[in-house]
2 protein chains.
Amino acid sequence: MNKYLPVLKRVNLFRGIEEAELQSLLSCLSAKESHYEKGQTIFFNGESIERFGIVLSGEVQIVQDDYYGNRSILARMDTGNLFGESFACAEIKTLPVSVIATTESELLFIDYHRLAVPCARACGFHCRLIQNMLNIVSIKNILLTQKVEFISKRTTREKLLAYLSAEAKRAGSNRFSIPFNRQQLADYLFVERSAMSAELSKLKKSGALTFHKNQFELLGIGGL
Amino acid sequence: MNKYLPVLKRVNLFRGIEEAELQSLLSCLSAKESHYEKGQTIFFNGESIERFGIVLSGEVQIVQDDYYGNRSILARMDTGNLFGESFACAEIKTLPVSVIATTESELLFIDYHRLAVPCARACGFHCRLIQNMLNIVSIKNILLTQKVEFISKRTTREKLLAYLSAEAKRAGSNRFSIPFNRQQLADYLFVERSAMSAELSKLKKSGALTFHKNQFELLGIGGL
DNA sequence: CCCCTTTTGTTGGAATTACAACAGATTTAT
DNA sequence: ATAAATCTGTTGTAATTCCAACAAAAGGGG
């Protein structure tokens, strides 16, 4: 666990908590580290969870699979980010999503009840942790709202442009990488892969953008 | 404000707080009541907010309008529910949505900072309020996740059936009302109104469901 | 280096959705 | 009560997306 202390001290959940206190806090919370292989399912749709996870290394995706095998990616979480915290905090009985390890990953699990109902020793941290958690879930809601904005667009082209514009803004540059391959990007935008690929090629041909694999460059709005 | 005490004591934010304390707590929080006419905009896309709202009576919708005038409804909030809390809690600078009064409404506004940083007198409630708020935003996250599930469906028919099935489940009956007219339902599912109307008629003709205005009855899966 | 697998892009046809227009039904205003 | 406004459903056409198939490109393993 010492190996991941540099990661953990930058996790928003532990903001305001001294590094010297982190280890004993994690021990008090009975935090448990686990290893997952690429492709392994961490949480299954339909189950009830009490723990949320923190990504120490690797990446996980929050997904929904429909009856026909279409996959919808809701979000991806990489190092330092939490997943499943809303479901654990809300104490729901039936998880509406699955969580999948996209790459080999090390994850830290914490039982939400231990966070919410602290022992007397950790009482000084209780409010801090809950307030940090409130900040995290609020930001998650905003990210999900942005995601909804992408998919509210009525054509595949608009969805692509909305998403890619936001990524350029996030990167602070017109050249940037995205964390998805083509199938994953289609699953994130809820469209069909090859049709999206065709749209990307049209956008490239029109001069609006250029790309190779997951590297993109926006070339201005001249082509729109 | 006394008029709305019965509403307020059932608001989840105030769970665990005695009715006798509510009034002084609201005073301490400098809660402010406001009246809005039908159609009035409460929060504007792009602005920065520090207050969140509670619906005392009426209804508000969280919406996004695109360049072409298409409206996307993210959520609706009726009596007793909060809106804007994630944005206020996360302290964002630019609101990505607008909030509109769908009907004539009475709303109560609270400054998030007053909630988070209490005076010495209210210190006993600080943790309680933050924890209640965490529960609220977590549930909001789950509702938004469910909304994403509706719109992840790849055809208008599937979107309709996903939404209507969830409403039947929520109502505990195959006969139920929905809180949207046709245009609003289309805006909620991100589809075009008349195409959706045509799909509803096909579903009725196939025997899957029947409806009149916002009254629906699911007739089993025989018609699918 | 070669072979196999996976990813990406392309293409034509089928399916679905958007659009515009309009008629009928319902609600609102005078 | 009547007229005006709004909502809902229908229809034909245009536009877009999905699907299946396949070729080309890229990546991985022996």
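All chains are named by letter (A, B, ...) in the order of the sequence lines, taking the proteins before the strands, and each is independently numbered beginning at 1. All values reported here derive from a predicted model rather than from experimental measurement.
Counting non-hydrogen atoms of other residues, nucleotides and ligands closer than 6.0 Å to NZ of A/Lys32 gives a total of 12 or fewer.
Between the side chains of B/His35 and B/Glu33, no donor-acceptor pair of N or O atoms lies under 3.5 Å. The closest side-chain donor-acceptor pair between B/Ser194 and B/Glu192 falls under 3.5 angstrom.
With contacts defined as side-chain heavy-atom distances shorter than 4.5 Å, the pair A/Gln183/A/Asp187 qualifies.
In this structure, the side chain of B/Lys147 engages the main chain of B/Tyr188 through a donor-acceptor pair within 3.5 Å.
Between the CG atom of B/Leu200 and the C1' atom of D/dT10 there is a distance of 13 Å, rounded to whole Å. Distance, B/Leu185 CG to D/dG9 P: 11 Å, rounded to whole Å. A straight line from CG of B/Leu160 to P of C/dT16 spans 14 Å, rounded to a whole angstrom. Between the C1' atom of D/dC18 and the CG atom of A/Leu189 lies a distance of 16 Å, rounded to the nearest Å. Atom CD of A/Gln215 and atom P of D/dA25 are 19 Å apart (whole Å). Rounded to an integer number of Å, the gap from A/Arg157 CZ to D/dC18 C1' is 18 Å. When the C1' atom of C/dA25 is taken as reference, atom NE2 of B/His212 falls 9 Å away, rounded to whole Å. Here the P atom of nucleotide D/dT17 and the CZ atom of B/Phe190 are 16 Å apart, to the nearest Å.
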Carefully, step by step, assess B/Glu91 and A/Asn135 under the rule side-chain hydrogen bond (donor to acceptor under 3.5 Å, both in side chains). CA-CA 9 Å; B/Glu91 303 188 281; A/Asn135 184 260; 5.4 Å; no

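Between B/Arg182 and D/dG9 there is a side-chain N or O to OP1 or OP2 distance below 4.0 Å. The phosphate of D/dG9 (OP1 or OP2) has no side-chain N or O of B/Lys204 nearer than 4.0 angstrom. In this structure, A/Lys213 reaches the D/dG27 phosphate: one of its side-chain N or O atoms is under 4.0 Å from OP1 or OP2.
Applying the side chain to side chain donor-acceptor pair (under 3.5 Å) rule to pairs touching residues 209-219 of chain B yields B/Ser177-B/Gln215, sequence neighbours excluded.
Nearest nucleotide to the B/Thr155 side chain, out of C/dG9, C/dT16, C/dA18: C/dT16. Proximity note for B/Asn181 (side chain, C-beta onward) versus C/dT8, D/dC7, C/dC19: the nearest is D/dC7.
Residue-to-nucleotide proximity on DNA chain C shows that, of A/Phe180 and A/Arg154, the 5′-proximal contact is made by A/Phe180.
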Hey, what are the protein-to-nucleotides 10-13 of chain C N/O distances that come in under 3.5 Å?
| unit_1 | atom_1 | unit_2 | atom_2 | d |
| --- | --- | --- | --- | --- |
| C/dT10 | OP2 | A/Ser201 | OG | 2.3 |

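Using a 4.0 Å heavy-atom cutoff across all strands shown, B/Tyr68 reaches no nucleic acid atom at all.
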